[in-house]
There are 2 protein chains.
Amino acid sequence: MSQSPKQSADRTAPTSADVARLAGVSRATVSYVLNNTATVRISDGTRRKVREAAEELGYVPHAAARSLRAGHTRMVLLPTASVPVGPLYSAFFDELQWALRRLDYTVVQYGSLGMEADEAARAWAELRPVAVVSSGEIALTPQGVEVLKRSGAKAVITLGAHRVEGAHALVLNQSEIGRQAVAHLVRRGRRRIGVIMPEERGLDFFSEPRLEGARQAAAGTGAEIVPLPLRYEEEPAAALAGRWRELGLDAVFSYNDEYAMLLMRALQDAGIDVPGETSVVGADDLLLGRLLRPRLSTVQIDMVIGRQLAELVDRVVRDPDGTPERHDLIAARLIPRESS
Amino acid sequence: MSQSPKQSADRTAPTSADVARLAGVSRATVSYVLNNTATVRISDGTRRKVREAAEELGYVPHAAARSLRAGHTRMVLLPTASVPVGPLYSAFFDELQWALRRLDYTVVQYGSLGMEADEAARAWAELRPVAVVSSGEIALTPQGVEVLKRSGAKAVITLGAHRVEGAHALVLNQSEIGRQAVAHLVRRGRRRIGVIMPEERGLDFFSEPRLEGARQAAAGTGAEIVPLPLRYEEEPAAALAGRWRELGLDAVFSYNDEYAMLLMRALQDAGIDVPGETSVVGADDLLLGRLLRPRLSTVQIDMVIGRQLAELVDRVVRDPDGTPERHDLIAARLIPRESS
DNA sequence: TTGAAAGCGCTACCAC
DNA sequence: GTGGTAGCGCTTTCAA
């Protein structure tokens with residue numbers, strides 16, 4: 001083997017002082033050049049020397065030192081905790097991240113699985129993020145918001161069903177989804193409507209408001225809403241289908257398309273005709289809904305573009321004392337197919 | 001409105017000096033107490049005073065200042081970029097995060113969507129992570145690894161099919177999946193076997209090795225492998241099914257269960273009998289495979305537990321100069337059902 | 001048992 | 001145009 005470039009690996013990271021020394025200038029000049037500081041004029045020769053020195057040493061600025069000096073960061077913290085939320089949500093997150101980067105923020109997801117609310121808030125605060133966008137998987141208390149703001153967070157934004165004192169809110173009005181689904185079923189003349197409630201942890205956050213919307217749509221129509229807890233597995237689905245007739249249901253809003261597929265298969269295997277005896281409506285408009293027979297009616301969900309949220313973050317960071325805003329983030333539209 | 005607690009929000013964050021002042025001690029003492037420094041004895045009275053002062057002020061230490069002083073961090077960086085990877089992968093990531101936190105690392109996902117390899121490596125290096133676990137969505141070049149190591153990363157671990165010079169590798173031997181699927185089909189007497197190659201960006205990372213494995217399994221058996229590009233949509237699937245007979249295939253390994261569902265539906269709609277005329281095998285053992293008719297044969301994938309990877313990270317951080325390890329991370333097992 | 005002070009890497013103010 | 005330098009918040013050595 002010839003001499004590998006490993007030698008450099010164990011040397012310590014070059015600092016701006018190293019760059020300055022190699023370029024034969026002061027650290028100040030290095031900083032000016034590498035940050036393109038506008039308030040100061042540097043000769044082109046010096047600029048080039050500094051750039052070359054930085055390149056040669058493989059200089060990478062030290063974010064912690066920079067933000068310590070600056071007194072603030074450009075970090076937007078997105079706490080996460082493991083909710084398996086599907087393609088819609090992840091597309092939304094991707095877009096949010098991308099849009100925030102365009103606005104020159106550093107986007108960081110902080111895994112907070114299993115942390116208590118205030119413990120989590122403190123851990124986030126240690127990083128001194130300029131903004132926190134909490135998707136609601138980790139509950140944020142008013143105290144938590146306070147801790148974050150004291151630690152320099154200009155914007156604390158919750159993304160979810162509930163408001164938190166002191167934080168801006170982006171409301172995912174999930175209830176609209178349940179409302180659309182049930183309104184459709186009522187129009188179809190259905191009167192006893194089941195609503196699937198997933199038993200998986202972390203989903204009540206979505207399912208509760210959907211149930212609530214279902215109730216609202218049924219109110220005053222004479223239709224009845226029956227919550228149906230269900231685990232995402234074959235046996236419980238079969239069991240539920242087994243007592244379907246004694247439940248006396250003529251329709252079901254099945255939380256989303258995946259639960260709908262599970263339930264519809266179980267119903268069919270139990271000899272229940274869909275949609276003749278029971279209508280089924282899903283949500284999310286996944287491709288699989290169109291592959292089922294009968295094709296699955298569903299509620300299509302248009303999440304607001306992440307860019308919009310990114311701009312809200314930026315606006316609040318610039319004007320932290322503005323009135324907390326409240327935005328609705330979801331538009332829902334029913335797509336009737338064959339299952340209802 | 002009565003006076004809200006907003007007053008405190010715009011004050012600056014309390015520092016250890018503030019705590020020291022309130023407790024009537026020095027900053028050193030504050031540090032000793034709050035970090036439970038073992039090498040120094042502090043009286044219980046002082047301890048309590050410090051703790052109370054910190055509590056009262058809502059003191060949160062400044063991670064950047066701490067790590068600047070310490071010369072290193074405990075941050076493990078997980079670069080991410082939007083690959084729609086499914087429940088298996090996300091469960092794996094959850095476990096990894098959780099296990100790393102137990103080992104006292106701070107786990108941070110860094111959204112790197114759309115970055116170039118070396119630009120990304122530099123951005124990560126600015127944060128001076130002690131370890132980087134790159135899931136391979138962002139290609140890591142040898143130069144990138146070098147930059148990260150120079151900036152203090154003790155462990156650079158790639159998670160994927162390819163090795164990168166200088167980095168430890170956790171090989172997701174995806175090829176085993178294709179191998180299992182095709183070996184099964186050959187045993188069933190199939191001779192012309194299609195392999196679905198998703199056209200969605202970011203998946204060739206998984207699909208290429210699966211194809212390679214398929215080829216290996218076919219080699220010497222007289223069976224023939226035919227790659228079949230496919231977008232995850234109904235029309236292309238229907239089109240592919242439309243020319244199925246002219247392709248002369250008697251089996252297909254369909255990348256995963258979701259593509260299998262899409263293709264199987266298209267084949268059935270085109271009047272192709274499954275498994276009579278064509279066998280179909282998926283992968284991932286998703287629930288939906290059991291809901292299909294015929295039930296879908298699949299390759300079950302056992303990902304190594306995240307804890308194992310967390311321990312590797314920790315081991316490499318403690319002994320950075322150890323020989324780069326190479327681990328196989330996937331065990332695959334064929335589950336025959338009705339579709340093959 | 002506690003305190004004083006140096007210094008991590010960086011930027012921005014001021015002087016030359 | 002460029003350089004000297006203070007100081008961000010923290011930990012840790014050394015003295016008291």
Side-chain angles (χ1 to χ4, degrees), chain A residues 11-51 53-54 57-75 125-128 130 150-152, chain B residues 11-51 53-54 57-75 125-128 130 150-152:
Chain A
R11 274 208 309 257
T12 181
T15 72
S16 74
D18 296 323
V19 177
R21 203 172 306 117
L22 181 58
V25 299
S26 75
R27 285 150 71 221
T29 304
V30 171
S31 175
Y32 294 142
V33 171
L34 297 183
N35 295 306
N36 284 312
T37 308
T39 60
V40 84
R41 295 270 154 264
I42 304 278
S43 70
D44 283 357
T46 305
R47 299 192 103 84
R48 227 195 31 257
K49 274 194 307 188
V50 169
R51 292 236 150 79
L57 293 176
Y59 170 70
V60 176
H62 192 305
R66 175 179 290 174
S67 65
L68 182 57
R69 165 68 223 221
H72 60 260
T73 69
R74 294 282 293 171
M75 179 190 300
E126 291 194 3
L127 299 178
R128 298 294 193 269
V130 70
R150 296 277 323 256
S151 78
Chain B
R11 275 207 310 255
T12 181
T15 72
S16 74
D18 295 323
V19 176
R21 203 172 307 118
L22 181 58
V25 298
S26 75
R27 285 151 71 222
T29 306
V30 170
S31 177
Y32 293 142
V33 171
L34 297 184
N35 295 307
N36 285 313
T37 307
T39 60
V40 83
R41 294 269 155 264
I42 304 280
S43 70
D44 283 357
T46 304
R47 297 193 105 85
R48 229 198 26 257
K49 274 194 308 188
V50 171
R51 293 234 150 81
L57 292 175
Y59 170 71
V60 177
H62 192 306
R66 173 178 293 173
S67 63
L68 182 57
R69 165 67 221 220
H72 60 259
T73 68
R74 292 283 292 173
M75 179 189 301
E126 290 194 2
L127 298 178
R128 299 292 193 270
V130 69
R150 297 275 323 255
S151 77

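Chain A is the first sequence line, chain B the second, and so forth, proteins listed ahead of strands; every chain is numbered from 1. Only heavy atoms go into these numbers, but all of them, side chains included; no hydrogens, no water, no symmetry mates.
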Residue met sooner reading DNA chain C from 5', once T29(A) and A70(B) are mapped to nucleotides: A70(B)
Rounded interatomic separation in angstrom, taking NE2 from H72(B) and P from dG9(C): 13 Å
Heavy-atom side-chain proximity of P14(B) to R150(A) below 4.5 angstrom: yes
Polar pair under 3.5 Å, donor/acceptor by atom type, side chain Y59(A), base dC10(C): no
Between P of dT11(D) and CG of N36(B), the distance in whole Å: 12 Å
Interatomic distance where NZ belongs to K49(A) and P belongs to dG1(D) [whole Å]: 14 Å
Closest approach of P61(A) to R66(A) (non-hydrogen atoms, all atoms of both residues): CB-NH2, 3.6 Å
Side chain of Y32(A) - closest among dG9(D), dT11(C), dG3(D): dG3(D)
For the student: nearest non-hydrogen atoms of S151(A) and R128(A), plus distance: O-CD, 2.9 Å
Sugar-phosphate only, base, or nothing, as touched by T46(A) at under 4.0 Å among non-hydrogen atoms: sugar-phosphate
Whole angstrom value for the distance that separates P of dC10(C) from CZ of R21(A): 12 Å
Selection from dG3(C), dT12(D), dC10(C) that lies nearest to any side-chain heavy atom of S31(B): dT12(D)
Beyond-backbone contact of V19(B) with L57(B), side-chain heavy atoms, under 4.5 angstrom: yes
Length of the CG-C1' vector between D18(B) and dC8(D), whole Å: 13 Å
Contact under 4.0 Å: T15(A) side-chain N or O vs dC8(C) OP1/OP2: no
Touch class at under 4.0 angstrom, heavy-atom based, for T37(B) against every strand present: nothing
Spacing of H62(A) atom NE2 relative to dC10(D) atom P, expressed in whole Å: 16 Å
Check: I42(B) main-chain N/O paired with R47(B) side-chain donor or acceptor under 3.5 Å: yes
Whole-Å distance separating the CG atom of N35(A) from the C1' atom of dC13(C): 15 Å
Side-chain N or O of S43(A) closer than 4.0 Å to phosphate OP1/OP2 of dG1(D): no
Which nucleotide in dT2(D), dC10(C), dG9(D) has an atom nearest any side-chain atom of L68(B): dG9(D)
Closest to side chain of V25(B), choosing from dT11(D), dG3(C), dG9(D): dG3(C)
Nucleotide dC10(D), atom P - distance to CD of E126(A) in whole Å: 10 Å
Pairwise 5' ranking along DNA chain D for R27(A) and R41(A), keeping only the more 5' one: R41(A)
Side chain of A28(A) - closest among dG3(D), dG1(D), dT11(D): dG3(D)
Spacing of OG belonging to S67(A) relative to NE2 belonging to H62(A), to within rounding of 0.5 Å: 9.0 Å
Candidate nucleotides dT1(C), dT2(D), dA6(D), ranked by approach to the side chain of I42(A) - the nearest: dT2(D)
Nearest-neighbour nucleotide for the R69(B) side chain, dT5(D), dG3(D), dC8(C) considered: dC8(C)
Touch class at under 4.0 angstrom, heavy-atom based, for V40(A) against every strand present: base
Short side-chain N/O contact to dA4(C) OP1/OP2 from S26(B), under 4.0 Å: no
